[in-house]
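First the structure, in the form of structure tokens, and then the observations on it.
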Amino acid sequence: MTHVHIVGAGIHPFGRHDDKSGLDQGVFAVREALADAGVDWTQMQFAFGGSSAAGNADAALPRLGLTGVQFINVANGCATGGSALLSGYWAIKSGEFDLGVVLGFDKHPRGAFNPSPADWGLPDWYGETGLMLTTQFFANKITRYMALHGVSPMTLALVAEKAFENGAKAPHSWRKQPVDAETILTSQMVSDPLTKFMFCSPAEGGAALILASDRKMRELGLSGPKLRGAAVRTRVNGSFEVFSPSLDIERGPSPTELASKAAYEMAGVGPADISVAQIQDTESGAEVMHMAENGLCADGEQERLIRNGETRLGGRLPINTDGGCLACGEPIGASGLRQVYENVQQLRGRAAGRQVEAPRFGYSQVYGAPGLSAVAILEA
Amino acid sequence: MGAVAIANGLFTMGEAPRLIGGRRKDDDRIVFPMPTGAEGALYEPVELSPRGALWSFTVQRFRPKSPPYAGDDDERSFKPFALGYVELPGEVIVEARLLTDDFTSLRIGQPMDLVLTPFRKAADGSDVLTYAFRPAA
């Protein structure tokens, strides 16, 4: 079976761009990715694209060229980008296609998302009484985790401090201003124990990747990291997810644990092989918990690892080297592809100012409501 | 002035209120709330334990967006409230508002009791009740 390579990667800077639509940013990212690979839109045999709040992804077609290409819109919550990537991966693995693009973009209004209970199959009273906020879910999850595994509020602050420090070094990030841990810890409390600076914000941006089979890559004289494993998994009984009026007493694995295990198995590597990781940091606590859910440490080890700077640039396992969602914001459709874009930069030695030394395996994980996770493992 | 429940079939009213969950007929799994419509046919209603143990918690510090939030407070009169999950032994873990004046006193594992609490006023001035848990005396 053929291998899948990422031969081009493009991004539209994340943040706020009042003069541009989400679609503008998606089209920009595709053009950047095509130019990065040195290929033309007319060569694309497939496209998988998604946007949560900025319209249909295939509205990019008139701008990129009406070539008749197979274009499939992907909608999978916060894991939309990761799902588009997985779709492209299987398209090439199947042997049907050799070259294509995956893209994601978004543009959200400012402030917290306001979901409709009916859209989630939930009764109206749940939203009416103020229980339907994603921020509450993350806070509840980390409160219990901190109590069970001895994680301190300072560790949450250090995660955010690192994010802003790394973000300042990434050209595509939104937040460029370092913020110190003490300021983060004492900023406005949003949902205890999480403060304002510990949460990411909805934002705007676009990201795109050009995928090629081994054969096509050689034929065109291209190169790029190999996609060694990619998996999406959804929630099971006993997992704890956003917007849950009740939970099973018997606890089960999270979708992240399931997707992570599947991706490691496909890749034939383990957590110890990973040189750089981009993991979902909707808020500081999510990064802490996802470190363990992705097998990158044992439950409770985060306190020591983070305090010792092991996840900073220069540490044993740098995490969220572009500042993650905390520094880039979260345009839902683009977020998962931004992580892979950053790993591509790292693995190709192009992450100037934030470059990890000679990384071989790059790991990415995007998590989203209502309980799904997408993991990708790249090899340089 | 009387009081009305925020939704039918969510809890029993009266001196000793109970939440109404659903027990799935084919595997006895308990969920809350009791599913409605076609899905409801797969479950039988079950009155849940009024006492449990705090499983996790947080505090809602800002007024949630409306919709869906429908409190009759506004940005200025909104008061932060605690919420979290309470494990009802042998049944299910339910999400609820938590009634306490001292957010810092909440501890995972502490015993909690079910109460009904006024959430807002109905058009006729009566209280609209929702459910909550408060630390056991």
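Letters A, B, ... are given to chains in the order of the sequence lines, protein chains preceding strands, and every chain is numbered from 1. What's counted below: heavy atoms across the whole structure, side chains too, no hydrogens, waters or symmetry copies. Remember, predicted model here, so these are calculated numbers, not experimental data.
- Aromatic ring orientation, Trp55(B) versus Phe240(A): perpendicular (interplanar angle above 60°, classes split at 30° and 60°).
- With a 4.5 angstrom heavy-atom cutoff, Phe103(B) does not touch chain A via any of its atoms.
- The CG atom of Asp124(A) sits 9.5 Å away from atom CD1 of Ile6(B), with the distance rounded to the nearest 0.5 Å.
- Proximity to chain B (any heavy atom under 4.5 Å) is shown, for Phe138(A), by neither the backbone nor the side chain.
- Heavy atoms from other residues, nucleotides or ligands lying under 6.0 Å from CG of Asn8(B) number 12 at most.
- Expressed to the nearest 0.5 Å, how far CD of Gln136(A) lies from OG of Ser56(B) amounts to 11.5 Å.
- For the pair Arg61(B) (side chain) and Asp192(A) (backbone), a donor-acceptor distance under 3.5 Å is absent.
- For the atom pair Asp248(A) CG and Glu87(B) CD, the distance stands at 11.0 Å (nearest 0.5 Å).
- With sequence neighbours excluded, the residues forming a salt bridge (charged side-chain N to carboxylate O under 4.0 Å, His left out) with Asp27(B) are Arg24(B), listed by chain and number.
- Under the side chain to side chain contact (heavy atoms under 4.5 Å, CB included) rule, Val31(B) has a single partner from Pro245(A), Ser246(A), Ser244(A), which is Ser246(A).
- For Tyr131(B), the part sitting under 4.5 Å from any heavy atom of chain A is the side chain, from C-beta outward, and nothing else.
- When Ala70(B), Pro35(B), Ser66(B) are compared by the number of non-hydrogen pairs under 4.5 Å with chain A, Ala70(B) comes out ahead.
- The backbone N or O of Phe57(B) lies less than 3.5 Å from a partner atom in the side chain of Thr143(A), making a donor-acceptor pair.
- For Arg29(B), the part sitting under 4.5 Å from any heavy atom of chain A is the side chain, from C-beta outward, and nothing else.
- Nearest heavy atoms, Pro68(B) versus Pro117(A): CB-CD, 3.8 Å.
- Atom OG1 of residue Thr130(B) and atom CH2 of residue Trp125(A) lie 6.5 Å apart, to the nearest 0.5 angstrom.
- At a threshold of 4.5 Å between non-hydrogen side-chain atoms, the residues Leu83(B) and Asn140(A) count as touching.
- Atom CD1 in Ile108(B) sits 5.5 Å away from atom CZ in Arg144(A) (nearest 0.5 Å).
- Heavy-atom distances place both the backbone and the side chain of Thr129(A) under 4.5 Å from chain B.
- With a threshold of 4.5 angstrom between heavy atoms, Arg120(B) approaches chain A through side-chain atoms but not through N, CA, C or O.
- The stretch residues 289-301 of chain A participates, sequence neighbours left out, in these side chain to side chain donor-acceptor pair (under 3.5 Å) pairs: Lys141(A)-Glu293(A), Tyr145(A)-Asp299(A), Ser254(A)-Glu293(A), Asn294(A)-Tyr363(A), Asn294(A)-Gln365(A), Glu301(A)-Arg304(A).
- Of the residues considered (Gly127(A), Ala147(A), Ala139(A), Gly130(A)), Gly127(A) shows the highest number of contacts with chain B, using heavy-atom pairs under 4.5 Å.
- For Ser191(A) (side chain) and Val59(B) (main-chain N/O), a donor-acceptor pair under 3.5 Å exists by modelled atom type.
- Residue contact with chain A, scored on non-hydrogen atoms closer than 4.5 Å, is absent for Glu39(B).
- Using a 4.5 Å cut-off on side-chain heavy atoms (C-beta onward), Pro123(A) and Pro33(B) make contact.
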Original post:
Would Glu95(B) and Tyr126(A) count as a side chain to side chain contact (heavy atoms under 4.5 Å, CB included) if you check the C-alpha gap in whole Å, the side-chain angles of each, and the deciding distance to 0.1 Å?
Top reply: CA-CA 10 Å; Glu95(B) 188 176 11; Tyr126(A) 187 66; 2.5 Å; yes
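- For a residue to count as touching a neighbouring chain, one of its non-hydrogen atoms must lie under 4.5 Å from one of that chain's; by this rule Phe119(B) touches chain A with the side chain only.
- Options Pro80(B), Gly21(B), Pro64(B), Ala82(B) differ in how many heavy-atom pairs under 4.5 Å they form with chain A, and the most are formed by Pro64(B).
- Residue Leu54(B): no heavy atom, backbone or side chain, is found under 4.5 Å from chain A.
- Once rounded to the nearest 0.5 Å, the distance linking CG of Leu131(A) with CD of Gln60(B) reads 9.0 Å.
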